[in-house]
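Okay, so here's the structure we're looking at.
Index from 1, following the sequence. What's counted below: heavy atoms across the whole structure, side chains too, no hydrogens, waters or symmetry copies.
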Amino acid sequence: RRAADLTVCDADRPTVAPATTTAAPTAAPSPNKPASGTYVVWNGSEPCLLATLALQLNVSQFNGIIDINPNTTRSSNGTCGNERAALILTDRTVGSIEFVFVLKKGHFHLQEANVTLGRSEEH
């Protein structure tokens with residue numbers, strides 16, 4: 001199966017938060033919005049994690065913003081368990097990003113994100 005053939009259950013659909021009257025200061029946004037990509041971690045022939053993400057990194061060491069391009073990014077080496085799942089994204093021009101999710105109160109929540117910048121040896 002392909003990621004495009006998978007669906008998101010209603011419980012995982014984003015909800016719209018009510019508007020607030022005060023705004024917190026934020027970093028300057030990128031002039032461009034990053035494109036969304038859909039990534040899957042497979043447990044054999046069954047999907048165990050499905051994520052649709054638009055990713056943008058603000059890297060202070062490089063004084064710049066990096067958009068993660070879904071056309072050059074793929075999911076690799078992810079893991080799934082009953083209480084923990086990991087999604088590893090690899091982009092040969094940027095590096096890799098690992099997202100670790102843990103089960104809390106019946107839902108998976110992002111516990112950590114690890115970024116490794118640099119060209120990947122994978123093609």
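Partners of Ser75 by side chain to side chain contact (heavy atoms under 4.5 Å, CB included), not counting sequence neighbours, listed by chain and number: Tyr39, Leu87, Leu89. In terms of the side chain to side chain contact (heavy atoms under 4.5 Å, CB included) criterion, residue partners of Ser36 (sequence neighbours excluded) are, by chain and number, Thr52, Ala54. Taking Val59 as the reference, Leu57, Gln61, Phe62, Ile66, Leu117 meet the side chain to side chain contact (heavy atoms under 4.5 Å, CB included) condition, with sequence neighbours excluded. Every side-chain hydrogen bond (donor to acceptor under 3.5 Å, both in side chains) that Glu98 has, sequence neighbours left out, goes to Asn114. For the side-chain hydrogen bond (donor to acceptor under 3.5 Å, both in side chains) test, residues two or more places apart in sequence or in another chain that qualify with Thr73 are Asp91. Residues satisfying the side-chain hydrogen bond (donor to acceptor under 3.5 Å, both in side chains) test with Asn43, not counting sequence neighbours, are none.
Ile88 and Leu53 are assigned to two separate hydrophobic clusters, defined by single-linkage of ILVMFWY side chains at heavy-atom distances under 4.5 Å. Hydrophobic clustering (side-chain heavy atoms under 4.5 Å, transitive across Ile, Leu, Val, Met, Phe, Trp, Tyr) keeps Val102 apart from Phe99. Under the 4.5 Å side-chain heavy-atom criterion for ILVMFWY residues, a single connected hydrophobic cluster contains both Phe101 and Leu103. Hydrophobic clustering, with ILVMFWY side chains joined whenever heavy atoms are under 4.5 angstrom apart, keeps Val115 apart from Val100.
At a threshold of 4.5 Å between non-hydrogen side-chain atoms, the residues Asp67 and Lys33 do not count as touching. Contact of the Leu49 side chain with the Trp42 side chain is not registered, since no non-hydrogen atoms from C-beta on lie closer than 4.5 Å.
The CD1 atom of Ile97 sits 9.5 Å away from the OG1 atom of Thr90 when rounded to the nearest 0.5 Å.
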Side chain to side chain contact (heavy atoms under 4.5 Å, CB included) between Arg84 and Thr79, intermediate numbers included: CA-CA 8 Å; Arg84 183 179 188 277; Thr79 59; 4.2 Å; yes
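Heavy atoms of other residues, nucleotides or ligands lying less than 6.0 angstrom from CD of Glu112 number more than 12.
Heavy-atom minimum distance, Leu55 versus Pro34: O-CB, 3.4 Å.
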